[in-house]
Amino acid sequence: MKVFVVLALAIATASAGTILPEGKFMQPRFLPEILEVEGRITNGKDAAEGQFPYQVGLSFSSPSGGWWCGGSLIDNNWVLTAAHCTNGASSATVYLGATVRTSPKVTYTVASSEFRQHSGYNSIVLRNDISLIKIPSVTYTAYIKKIELPAISSSYSTYAGDMAIASGWGLVSDSATAVASKLQYAPMEVITNSVCANTYGSLIITSKNICTATPSGTSTCSGDSGGPLALVNSGKLIGVTSFVSSAGCQSGAPAGFVRVTSYLDWIKENTGIAY
């Protein structure tokens, strides 16, 4: 199986003020093959059973191999994830209600015909890194519940200074040698896009992104791609895990997410879900 990391472009500011990419990122299926799926929220905490009932695990398959991502249940038959997760996949096995990664309450396997990948996805500059997956209707329980989308009225909020929780499965540190069996989570503070752009540049960071600080190396990382960023105060979904710095997940550089409020109309058009 393969390691699943999305590494952000390195950015330089030219003397004239033009911001151009000088490095590159790697997508999951192009990374070296290893024996285990490796994914992590670095320095995260173990989730209690049922603590994040909207968390979805996604195991993707393609002719060239497989990879692991996260997702969010936003309705009883729709999962929201990242475009770089669905891109190139022929099918996905969807894990619902799991705390231990290999012990979900419900699983479905769906073909790529059930993917609704954003038509404007651009892997070079990380634009529109968002996808939907349609699944058979699932019954809500204490362990499987949808997460609420943000209101359209919050589209103008930067969320800067708010605390949000990212969650996903995998290794708990860069030095770990085995996949963590339990769902991990970490509280993270949202920062302004202008601060985030100091690291990645304005070519990457646009109004359709949200960034979080990663103090003490607490960050999203391999395998967390596509997973949720949920506000602590309201529990609503504000971000989809998209990228980290090419310097590494524990480098202290901001973590990048797709801003959900920027895609509420797109979600409604594809699913009928009102916000």
Side-chain angles (χ1 to χ4, degrees), residues 39 47-62 66-119 121 128-152 165-169 182-183 185 223-231 234-241 257-258 260-275:
E49 190 170 16
Q51 186 175 359
F52 302 105
Y54 53 81
Q55 176 76 48
V56 177
L58 297 168
S59 179
F60 289 95
S61 297
S62 78
W67 55 92
W68 178 268
C69 280
S72 302
L73 188 68
I74 60 170
D75 197 57
N76 58 9
N77 62 340
W78 287 101
V79 172
L80 189 67
T81 188
H84 76 260
C85 290
T86 58
N87 195 47
S90 55
S91 66
T93 299
V94 182
Y95 294 69
L96 299 165
T99 302
V100 175
R101 185 173 62 86
T102 55
S103 300
K105 304 298 183 185
V106 177
T107 61
Y108 298 119
T109 298
V110 297
S112 59
S113 58
E114 302 300 333
F115 300 169
R116 306 291 186 270
Q117 183 172 303
H118 198 290
S119 61
Y121 171 56
N128 303 309
D129 188 15
I130 192 166
S131 278
L132 289 155
I133 300 175
K134 188 174 184 180
I135 61 173
S137 184
V138 64
T139 300
Y140 295 148
T141 69
Y143 307 104
I144 302 173
K145 292 180 183 177
K146 71 176 182 179
I147 186 169
E148 295 293 332
L149 296 175
I152 190 68
I165 292 179
S167 50
W169 282 273
K182 286 189 175 181
L183 181 63
Y185 73 96
D224 294 320
S225 294
L229 182 71
L231 280 178
S234 68
K236 293 188 177 182
L237 182 68
I238 62 169
V240 175
T241 302
F257 302 80
V258 173
V260 174
T261 53
S262 296
Y263 294 91
L264 291 173
D265 287 342
W266 177 81
I267 291 170
K268 184 177 181 180
E269 289 168 6
N270 282 275
T271 67
I273 298 172
Y275 44 82

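Any value given below was found using the heavy atoms of this structure, including those in side chains, with hydrogens, waters and symmetry copies removed.
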From Tyr263 atom OH to Asn270 atom CG, the distance as rounded to the nearest 0.5 Å: 12.5 Å
For Ala98 versus Leu183, what's the shortest heavy-atom pair and its separation? O-CD2, 4.4 Å
Working note: Lys105 + Glu49, criterion salt bridge (charged side-chain N to carboxylate O under 4.0 Å, His left out); need CA distance, chi angles, decisive distance, verdict. CA-CA 11 Å; Lys105 304 298 183 185; Glu49 190 170 16; 3.1 Å; yes
Quick one, Asn77 and Val138 - any side-chain contact, counting heavy atoms below 4.5 Å? no
Quick one: are Leu80 and Leu132 in side-chain contact, heavy atoms under 4.5 Å? yes
Decide if atom OH of Tyr143 counts as having more than 12 heavy atoms of other residues, nucleotides or ligands within a radius under 6.0 Å. no
Is there a donor-acceptor contact under 3.5 Å from the side chain of Thr241 to the main chain of Gly227? yes
If you compare all heavy atoms of Cys85 against all heavy atoms of Ser225, which two are closest, and at what distance to 0.1 Å? SG-O, 3.6 Å
Judged by atom type as modelled, is there a donor-acceptor pair below 3.5 Å linking the side chain of Trp169 to the main-chain atoms of Thr99? yes
What's the spacing between Thr107 OG1 and Tyr95 OH if we round to 0.5 Å? 7.0 Å
Using side-chain heavy atoms (C-beta onward) and a distance below 4.5 Å, is Ile152 in contact with Thr261? no
Gap separating the CG atom of Asp75 from the CD1 atom of Ile267, nearest 0.5 angstrom: 11.0 Å
Aromatic rings Phe60 and Trp67: how do their planes relate, parallel, tilted or perpendicular, breaks at 30° and 60°? parallel
Given the ring of Tyr54, does Lys146 sit roughly above its face, with NZ or CZ under 6.0 Å from the centre of the six-membered ring and within 45° of the axis? no
To the nearest 0.5 Å, what is the distance between CD1 on Ile135 and CG on Asn76? 8.0 Å
Can you see whether Ser62 engages Ser90 through a side-chain donor-acceptor pair at a distance of less than 3.5 angstrom? no
Measuring from atom CG of Leu264 to atom CH2 of Trp266, what distance do you get when rounded to the nearest 0.5 angstrom? 11.0 Å
Within the structure provided, determine whether Val240 and Thr81 are in side-chain contact (heavy-atom separation under 4.5 Å). no
Strictly by modelled atom types, are Ser167 and Gln55 linked by a side-chain donor-acceptor pair under 3.5 Å? yes
Heavy-atom pair of closest approach, residues Gly71 and Pro228: O-CD, 3.8 Å
When rounded to the nearest 0.5 angstrom, what distance separates OH in Tyr121 from OG1 in Thr86? 8.0 Å
Do Lys134 and Phe115 come close enough that some side-chain heavy atom pair is under 4.5 Å? no
Heavy-atom side-chain contact between Ile273 and Trp78 under 4.5 Å: yes
Does NZ or CZ of Arg101 come closer than 6.0 Å to the centre of the six-membered ring of Trp68, within 45° of the ring's axis? yes
Answer with yes or no whether the side chains of His118 and Ser131 bring together a donor and an acceptor at under 3.5 Å. no
